[in-house]
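To start, the structure under review is shown below, and the notes come after it.
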Amino acid sequence: MDDDIMVKLDTNLLNNSGNEILFLLSNEAIARGAVEAGVRIATTYPGTPSSEVGDTLSHIADKSGMKFQFSINEKVAIETAFAASISGQRSMVFMKHVGLNVASDPFMSIAYTGVRAGMVVMSADDPSMYSSQSEQDNRHYADLAHVPMIEPSNPQEAKDFLVLAFDLSEKFKLPVLFRTTTRVSHMRGAVTPGKIREGQPDTGVFIRDIHEFVCLPSNSYTLKEKLIEKEHELKKESDISPMNRIIRKGTGEYGIIASGAAYNSVMDVISEYDLDISVLKLGFTNPLPESAIVKFISDNKKVIIIEELDPYLEYKIRTIAQMNKLDSTIFGKLDGYFSESHEFTPDTVAHSLSRIMGFAVQDVPENKLVLPARPPVLCPGCPHRATYYAVKRAVKMMNKTDTIYASDIGCYSLGLYDPYEEADTMISMGSSIGMANGFAMSTKQKVIAFIGDSTFFHSGIPPLINAVHNKLNMLVMVLDNGTTAMTGQQPNAGENFSPAGDELPPVSIENIARSIGVADVQIVDPYDIKETLKAVTKALRENTLSVIVARRECAILRDKAMQKTHRVITYTVNQDKCGKCMNCVENFACPAISIEGGNIKIDSNICDGCGVCAEPYVCPFKAIEVAQ
């Protein structure tokens with residue numbers, strides 16, 4: 001984001017006048033809500049679609065009296081926020097949906113112990129898996145932990161509901177699950193700010209209570225009973241909450257119950273087709289407002305439940321209807337009218353409603369222009385491209401044709417695609433080294449695990465310790481580009497500055513590897529293909545554990561640094577020297593290099609100037625030269 005725009009946004013997000021309407025992403029509105037709520041400690045491990053909350057707070061936290069931290073992983077983030085809460089400071093922790101899996105162990109216990117100052121746990125779910133390995137529905141975590149859950153539908157609600165979530169947390173001394181989805185988090189709209197809460201303590205004080213915060217079985221037995229009592233009281237709170245409300249009333253023939261992003265699609269369809277239908281919008285979704293739901297079902301002969309992903313609301317609402325002997329007809333996912341997969345659009349909602357209500361859907365005219373497939377690619381100048389190129393070449397040189405490639409979560413996941421094809425497995429953060437353990441134990445094949453620096457710190461160290469202790473044969477390639485690039489260049493423990501610019505001690509990946517007993521640790525610059533090839537071939541010869549740290553900054557960070565110095569270098573192809581071997585196009589595959597009129601060309605508008613393509617290991621004819 002442009003620096004001037006960021007400064008303007010910072011100023012607006014910290015304004016306490018409350019009279020300037022802002023145009024914000026929901027994630028930015030959530031950051032403003034954290035400021036309004038008087039949050040003093042905020043933590044995260046960056047993950048799309050929640051990343052912009054942290055990006056925004058990293059700019060404004062210090063100015064608002066908040067301490068903000070990019071934690072090493074989600075488990076550490078939630079434990080940090082919890083400690084702040086029971087020390088009397090309002091705290092917030094946020095992550096993407098699969099991040100809550102990592103944090104789920106402490107999350108379950110925190111529900112038992114309860115909190116002191118307000119604590120909100122934001123989970124950003126990803127229906128249709130735009131940037132995730134699964135589309136798990138994290139609403140189930142609210143049931144699993146017996147905690148209240150709130151779901152906004154737009155930027156204004158994102159801010160307002162977050163403030164209400166902190167009040168709710170303090171009233172019931174429970175963490176609150178604040179659930180968004182990709183479509184909600186990345187929606188932009190008008191937001192009217194509220195007043196910033198004053199009087200929050202700048203420093204917390206922890207008061208000891210071993211019966212409350214030590215989860216021994218004897219304590220947890222009693223804490224569980226208290227938790228269930230709180231849950232019963234929360235049902236009354238949900239019934240009177242302004243977050244659950246009737247949006248419009250119809251004639252009583254049809255009624256819709258909806259929440260989150262699905263509600264937005266519902267309202268678009270009602271408007272487009274001028275439908276006579278009542279709508280109950282749910283924003284406080286665990287526990288559900290039972291009395292309000294009973295009345296709504298009683299007032300409408302046919303009730304349609306519209307929600308994305310699992311039939312979470314539907315199971316509960318059908319149960320409420322059965323328990324109260326209501327005879328209205330209920331439609332939803334369980335009878336096949338709505339899909340249990342992927343996000344909804346006005347078009348999909350319209351088609352489902354038309355099957356129930358019998359109106360004709362206006363089909364969108366077929367677009368005859370078929371766009372070519374555009375698989376994701378590594379950026380021009382990305383050091384990972386050079387690493388993958390060198391590894392594949394080394395494997396071929398060593399005739400290790402049955403090598404297993406265990407990949408991980410990050411930009412380097414794109415190593416799956418042609419021409420690299422160096423990803424046989426990828427399931428979760430840190431799984432590359434974890435699965436390499438299993439492959440090394442169960443096969444005689446050489447296994448290469450690819451993992452990024454941020455992911456290594458997040459969850460790669462325990463499986464590496466396991467590999468050392470069990471004397472396993474594998475090669476671990478740590479692709480260290482000095483940032484958490486996939487989610488927007490957030491810092492990690494390998495960097496020496498905080499988001500606010502404070503100097504921090506960087507943590508050395510190679511020192512960690514050596515300290516836990518890895519004997520063969522090498523550091524290479526992936527831009528140096530010869531050096532990287534030498535290191536990889538050496539590791540492939542050994543029947544032991546090797547770690548290679550391929551270290552070179554992210555191309556985006558490099559570009560920004562070069563732009564500041566006005567030092568721009570690009571490369572071109574000398575057609576007189578070019579032997580048309582196609583190695584740079586077919587095997588190195590930089591997006592700046594293409595074929596035009598039978599000649600290999602480099603697009604100067606895309607070229608990053610890394611110069612790797614000019615190396616003889618990529619261009620044996622030395623035809624690629626610095627552009628004059």
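Just so you know, these numbers use all the heavy atoms, side chains as well, and skip hydrogens, waters and symmetry mates.
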Less than 4.5 Å apart, side chain to side chain, heavy atoms only: is that true for L22 and E20? yes
Taking the six-membered ring of Y263 (Phe, Tyr or Trp), confirm whether the NZ or CZ of K281 is under 6.0 Å from its centre and within 45° of its axis. yes
Show your working on salt bridge (charged side-chain N to carboxylate O under 4.0 Å, His left out) between E233 and K230 and close with a plain yes or no. CA-CA 5 Å; E233 290 300 311; K230 290 178 182 179; over 6 Å; no
Separation of D408 CG from Y412 OH (nearest 0.5 Å): 4.5 Å
Apply side-chain contact (heavy atoms from CB on, under 4.5 Å) to R248 and M267, showing your working. CA-CA 10 Å; R248 66 193 308 276; M267 298 308 290; 4.1 Å; yes
May I ask you to say whether D335 pairs ionically with R318, meaning some side-chain N is under 4.0 Å from a carboxylate O? yes
State plainly whether the residues K316 and D143 are in salt-bridge range, i.e. N to O under 4.0 Å. yes
NZ/NE/NH1/NH2 to OD/OE distance under 4.0 Å, E28 and R32: no
With a 4.0 Å cut-off, would you call E307 and K333 a salt bridge? no
If I compare all heavy atoms of G33 with all of V163, which pair ends up nearest, and what's the gap? O-CG2, 3.8 Å
Apply side-chain contact (heavy atoms from CB on, under 4.5 Å) to residues M187 and N264 and explain how you reach the verdict. CA-CA 11 Å; M187 178 189 298; N264 299 325; 3.1 Å; yes
Paired with I150, the side-chain contact (heavy atoms from CB on, under 4.5 Å) test is passed by just one of V176, L162, L282, namely V176
Below 4.5 Å, heavy atoms only, C-beta onward: do I30 and M92 meet side chain to side chain? yes
Indicate yes or no for a side-chain donor-acceptor contact from S169 to the backbone of G118 under 3.5 Å, with no hydrogens or angles considered. no
Over 12 non-hydrogen atoms of neighbours within 6.0 angstrom of CD1 in I21: no
Heavy-atom donor-acceptor pair, D126 side chain to K96 backbone, under 3.5 Å: no
Would you say Y315 has more than 12 foreign heavy atoms packed within less than 6.0 Å of its OH? no
Step by step, would you call Q69 with S71 a side chain to side chain donor-acceptor pair (under 3.5 Å)? CA-CA 6 Å; Q69 177 190 98; S71 303; 2.6 Å; yes
Taking side chain as C-beta onward, heavy atoms only, is Q136 less than 4.5 Å from D125? no
Okay, side chain of S459, backbone of M429: is any donor-acceptor separation there less than 3.5 Å? yes
Using modelled atom types only, decide if a donor and an acceptor are shared between the side chain of S271 and the backbone of D268 within a distance under 3.5 Å. no
Run the side-chain contact (heavy atoms from CB on, under 4.5 Å) check on N300 and Y254 step by step: do they pass? CA-CA 6 Å; N300 295 278; Y254 288 99; 5.9 Å; no
Just so I know, are the side chains of H97 and T181 near enough to count as touching, which here means a heavy-atom distance under 4.5 Å? no
Would you say the side-chain atoms of N73 pair up with the backbone N or O of V102, donor to acceptor, closer than 3.5 Å? no
When rounded to the nearest 0.5 angstrom, what is the spacing between CD in E229 and CG in L227? 9.5 Å
Is a donor on one side and an acceptor on the other found under 3.5 Å between the side chain of T44 and the backbone of F94? yes
Measure across V35 and L13 and return the closest heavy-atom pair with its distance rounded to 0.1 Å. CG1-O, 4.3 Å
Mind checking whether P49 and H186 have side chains closer than 4.5 Å, heavy atoms only? yes
Tell me, with the steps shown, if K235 and E290 meet salt bridge (charged side-chain N to carboxylate O under 4.0 Å, His left out). CA-CA 7 Å; K235 291 180 180 179; E290 186 167 330; 5.2 Å; no
For A360 and Y273, which heavy atoms make the closest approach, and how far apart are they? O-CE2, 3.6 Å
Quick one: pull up CD1 in I304 and CD1 in I256 and give me the separation to the nearest 0.5 Å. 5.0 Å
Check L177 against A142 and note the closest heavy-atom contact, atom names and distance. CD2-N, 3.9 Å
Flag if over 12 foreign heavy atoms under 6.0 Å of NZ, K173: yes
Heavy atoms only: give me the nearest S431-S428 pair and the separation to one decimal. OG-O, 2.7 Å
When rounded to the nearest 0.5 Å, the distance separating CG of N138 from OG1 of T180 is 10.0 Å
Are Y141 and N101 close enough that some pair of their side-chain heavy atoms sits under 4.5 Å apart? yes
Any donor-acceptor pair under 3.5 Å linking the side-chain atoms of S132 with those of E135? no
Please answer whether the main-chain N or O of Q490 pairs with a side-chain N or O of T483 as donor and acceptor at a distance below 3.5 Å. yes
Is it true that a side-chain atom of S352 and a backbone atom of V349 form a donor plus acceptor pair closer than 3.5 Å? no
Is a side-chain N or O of R179 found less than 3.5 angstrom from the main chain of S123, in a donor-acceptor match? no
K295 with D299: basic N within carboxylate O range, under 4.0 Å: yes
So, are E36 and R197 salt-bridged, with charged N and O less than 4.0 Å apart? no
Parallel, tilted or perpendicular: ring planes of H140 versus Y312, cut at 30 and 60 degrees: perpendicular
Salt-bridged, R116 to E170, with N to O below 4.0 Å? no
Look at D276 together with K249 and state whether they make a salt bridge at an N to O cut-off of under 4.0 Å. no
Y130 versus T48: any side-chain heavy-atom pair under 4.5 Å? no
To the nearest 0.5 Å, what is the distance between CD1 on I78 and NZ on K75? 10.0 Å
Test item: T348 and S339 side chains (from C-beta on) under 4.5 Å apart, heavy atoms: no
On a heavy-atom basis, the closest approach of Y112 and K224 is OH-CD, 3.2 Å
Interatomic distance, T484 atom OG1 to M486 atom CE [nearest 0.5 angstrom]: 11.5 Å
Taking the basic N atoms (NZ, or NE/NH1/NH2) and the acidic carboxylate oxygens, is any pair closer than 4.0 Å for E308 and R183? no
Would you check if the side chain of R245 reaches a backbone N or O of L280 as a donor-acceptor pair within less than 3.5 Å? no
Apply side-chain contact (heavy atoms from CB on, under 4.5 Å) to residues I306 and L353 and explain how you reach the verdict. CA-CA 10 Å; I306 304 181; L353 284 178; 4.1 Å; yes
